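Working notes, structure below.
Everything numeric in this text was worked out from a predicted model, so none of it was measured. These values consider heavy atoms only, across backbone and side chains, with no hydrogens, waters or symmetry-generated copies. In what follows, residues are counted from 1 in the order of the sequence shown.
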Amino acid sequence: FYRARASKNEDPPSMCIGINLRGIWLTKRLRDNERRKLDRFSWQGIENLLFKKQRFTIVPRPKKNQAPPKDIVLWMDHYRMSKYIVQLCEDFHRFSVQLRQRHGSDVHGTSQRKQALERSL
């Protein structure tokens with residue numbers, strides 16, 4: 001998880017960004033290093049990721065027959081961190097696509113082998 005701010009002047013940072021093979025997690029930082037999950041974006045649900053200086057933006061993909069969602073704007077401690085987060089997201093997304101292509105299944109755990117194992121139990 002990486003620290004982020006919900007607004008430019010917020011101190012200390014109240015948000016965290018988590019990146020994994022399935023997508024991006026946003027959490028709220030609570031006392032004693034606890035976190036509360038706010039939102040999760042799968043790679044298919046993200047239209048674009050942007051950074052400009054310290055600002056990191058997640059542009060969600062609009063769903064059919066619904067109003068376009070608002071962009072999620074977070075502020076990082078330094079412009080290099082926002083650039084790093086975007087590059088890390090690109091690398092994770094590229095890796096998850098490669099895994100799906102090589103194994104003929106998706107990263108979300110619905111592979112044929114797992115389904116067969118569940119049926120046998």
Practice problem: May I ask whether Met76 and Ile46 are part of the same hydrophobic cluster, defined by side-chain heavy atoms of I, L, V, M, F, W, Y residues being less than 4.5 angstrom apart, directly or through others? | Solution: yes

Self-check item: Verify same cluster id: Leu88, Ile24 (apolar side-chain graph, 4.5 Å)
Solution: yes

Quiz prompt | Leu50 side chain near Arg55 side chain, heavy-atom distance below 4.5 Å | solution = no

Quiz item: Cluster question for you: counting only ILVMFWY and a side-chain heavy-atom cut-off of under 4.5 Å, with indirect links fine, are Val73 and Ile19 together?
Solution: no

Quiz item: Is Arg61 atom CZ crowded by more than 12 heavy atoms from other residues, nucleotides or ligands, each under 6.0 Å away?
Solution: yes

Exercise. Would you give the length of the straight line joining atom CZ of Phe1 to atom CZ of Arg35, rounded to the nearest 0.5 angstrom?
Key: 5.0 Å

Quiz item: Do His93 and Leu49 come within less than 4.5 Å of each other through their side chains, counting heavy atoms only?
Solution: no

Quiz item: Can you check whether Glu90's main-chain N or O pairs, donor with acceptor, with Trp43's side chain at less than 3.5 Å?
Solution: no

Exercise. Evaluate whether atom CZ of Phe92 has more than 12 neighbouring non-hydrogen atoms of other residues, nucleotides or ligands under 6.0 angstrom away.
Key: yes

Quiz item: Closest approach of Asp77 and Arg3, non-hydrogen atoms and distance?
Solution: OD2-NH2, 3.3 Å

Quiz item: Rounded to the nearest 0.5 Å, how far does CZ of Arg36 lie from OG1 of Thr27?
Solution: 10.0 Å

Quiz item: Taking Ser96 for the side chain and Arg22 for the main chain, is one N or O donor matched with an acceptor at less than 3.5 Å?
Solution: no

Self-check item: Hphob cluster co-occupancy, Trp25 + Met15, side-chain heavy atoms under 4.5 angstrom
Solution: no

Quiz item: Would Trp75 end up clustered with Val86 when hydrophobic side chains under 4.5 Å apart are linked, directly or stepwise?
Solution: no

Self-check item: Side chain to side chain, Ile58 and Ile17, heavy atoms closer than 4.5 Å
Solution: no

Quiz item: Sub-3.5 Å donor-acceptor pair from the side chain of Arg29 to the main-chain atoms of Cys16, do we have one?
Solution: no

Quiz item: Once you round to the nearest 0.5 Å, how far does CG of Asn20 lie from OG of Ser42?
Solution: 10.5 Å

Quiz prompt | Pro62 side chain reached by Glu47 side chain, heavy atoms, under 4.5 Å | solution = yes

Quiz item: Ile72 versus Phe56: any side-chain heavy-atom pair under 4.5 Å?
Solution: no

Self-check item: For Arg94, all residues meeting salt bridge (charged side-chain N to carboxylate O under 4.0 Å, His left out), sequence neighbours excluded
Solution: Asp91

